Number of protein chains: 2
Amino acid sequence: MQYQEAKEKFISTWGSLGTLWGINKAMAQIQALLFISTEPLSMEDIMEELKISRGNTSTNLRQLIDWGIVSKKLITGERKEYFTTEKDVQELARHIAKERSRREIQPVIKVLNEISSIKDDNTTKTKELIKQTKALHDLAETADTMLHKIVNQEQNWITKSLLKLIK
Amino acid sequence: MQYQEAKEKFISTWGSLGTLWGINKAMAQIQALLFISTEPLSMEDIMEELKISRGNTSTNLRQLIDWGIVSKKLITGERKEYFTTEKDVQELARHIAKERSRREIQPVIKVLNEISSIKDDNTTKTKELIKQTKALHDLAETADTMLHKIVNQEQNWITKSLLKLIK
DNA sequence: ATAAACTTTCAATAATTTCTGAAAGTTTAA
DNA sequence: TTAAACTTTCAGAAATTATTGAAAGTTTAT
């Protein structure tokens, strides 16, 4: 496998994985492209490389910036904007975990908490609803907390000791 | 908030969360419904409750069964089939993690491994591709392994000690 | 101020995914 | 067997989501 083929395979695989996990394909592919690029890319570069429109590129770059994993890079003497992504996988994972938690998990935990706090009228079905949503709430909270702790540590002390402990 | 409202809120929240994470809404809602139901439900029950068609119900039940989180329950004297979901959140999480890993993460790890193993032709861009896909590969493998270990333990010894260690 | 260079926005369209409903298939009871 | 009770399948319809492209907006240089 040569460079070009490998590159295309990486970008397309990343796009598919994104789709599977509820992330827009173009967004995932732009990030993938930047991730393996040796220097910042302009909008033109990205459009050209991924064969997508200007509008699509602009919209998805903005989203990636909102997610905190892509940033604008001003190149002196150049009029147009250039973009780079976080190159460190650890940092990348941290950002993504943090954002998905904030946008998607936290609100669900809140709802589960509300639901599991309804007044128990002593019917079987109400008891079951309370019991099950409470269990889900606790699981979600534990998982979310663990994820944060693991992913936030500046690697190497806690993660390594964790891994040792688990393996 | 009364029972009915709480139930609807739970089902609809679960459906939305599913959608956000690449899981079909009907599939997530059927699972949610079974999860808080005190007894097994028939296809009719589910169609009625969620206001979805027979075809949709049948297809998504089959998917849930394929995922290993719903099972058929034969009730003696009854002609039709009844369904239940795994009621234990820990087991539920285990199944889902296992399946998503097997179907989605493992194949990506394999691809990343292939890509990061291409011949280094000593150009900057090839070096970068190899370096970055290798980093991603290692991260994915570590995360996947950790997830499995955590989720597979029959709770309470390792997870609790882990939590203590992390918190 | 003007115009060139560039980016964003958004209505229209395309692509994809989900859902329906009825026909075909299967199982069970008599 | 036959027929009723039930489930699956799948072509077409509906709903949702992604994408385009051009007009509007912004910035910079002169």
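Quick note on labels: first sequence line is chain A, next is B, and so on, each numbered from 1. Owing to the predicted nature of the structure, the values given are computational and were not obtained by experimental measurement.
The separation between B:I75 atom CD1 and C:dT28 atom P is 15 Å, rounded to whole Å. A straight line from CG of A:N56 to P of D:dA22 spans 15 Å, rounded to a whole angstrom. A straight line from CD1 of A:I23 to P of D:dA18 spans 11 Å, rounded to a whole angstrom. The separation between A:M47 atom CE and D:dA22 atom P is 12 Å, rounded to whole Å. Between the CD atom of A:E78 and the C1' atom of D:dT27 there is a distance of 15 Å, given to the nearest Å. C:dT7 atom C1' lies 13 Å from atom CG of A:L74, rounded to whole Å. Counting to the nearest Å, the P atom of D:dA18 and the CG atom of A:L61 are 16 Å from each other. Computed from coordinates, the B:K51 NZ to D:dA14 P distance equals 21 Å when rounded to whole Å.
A:E81 has its side chain within reach of A:F83: a pair of non-hydrogen atoms, C-beta onward, lies under 4.5 Å apart. A heavy-atom distance below 4.5 Å is not found between the side chains of A:Y82 and A:L74.
If you check C:dC6, C:dT8, C:dG21 against the side chain of B:S53, the one that comes closest is C:dG21. Of the candidate nucleotides C:dT17, D:dC10, C:dT8, C:dT8 has the atom nearest to the side chain of A:K72. Side-chain proximity of B:K80 to the nucleotides D:dT7, C:dT7, D:dC10 is greatest for D:dT7. If you check C:dT8, D:dT19, C:dC19 against the side chain of B:N60, the one that comes closest is C:dC19. When distances run from any side-chain atom of B:R79 to the nucleotides D:dC10, D:dG21, C:dT27, the shortest one goes to C:dT27.
An OP1 or OP2 oxygen of C:dT9 is reached within less than 4.0 angstrom by a side-chain nitrogen or oxygen of A:R62. For the OP1/OP2 pair of D:dT19 and a distance below 4.0 Å, the side-chain nitrogens and oxygens of A:N24 include at least one atom meeting the criterion.
For the pair A:S42 and B:A26, both in contact range of DNA chain C, the more 5′-proximal nearest nucleotide belongs to A:S42. Toward the 5′ end of DNA chain C lies the nearest nucleotide of A:R54, the other residue of the pair A:R54 and A:T19 mapping further downstream.
Using a 30° and 60° split on the angle between ring planes, A:W21 and B:W21 fall in the perpendicular class, above 60°.
Between atom OG1 of residue B:T38 and atom CD of residue A:Q132 there is a gap of 11.0 Å, rounded to the nearest 0.5 Å.
Applying the salt bridge (charged side-chain N to carboxylate O under 4.0 Å, His left out) criterion to B:E44, with sequence neighbours excluded, gives B:R54.
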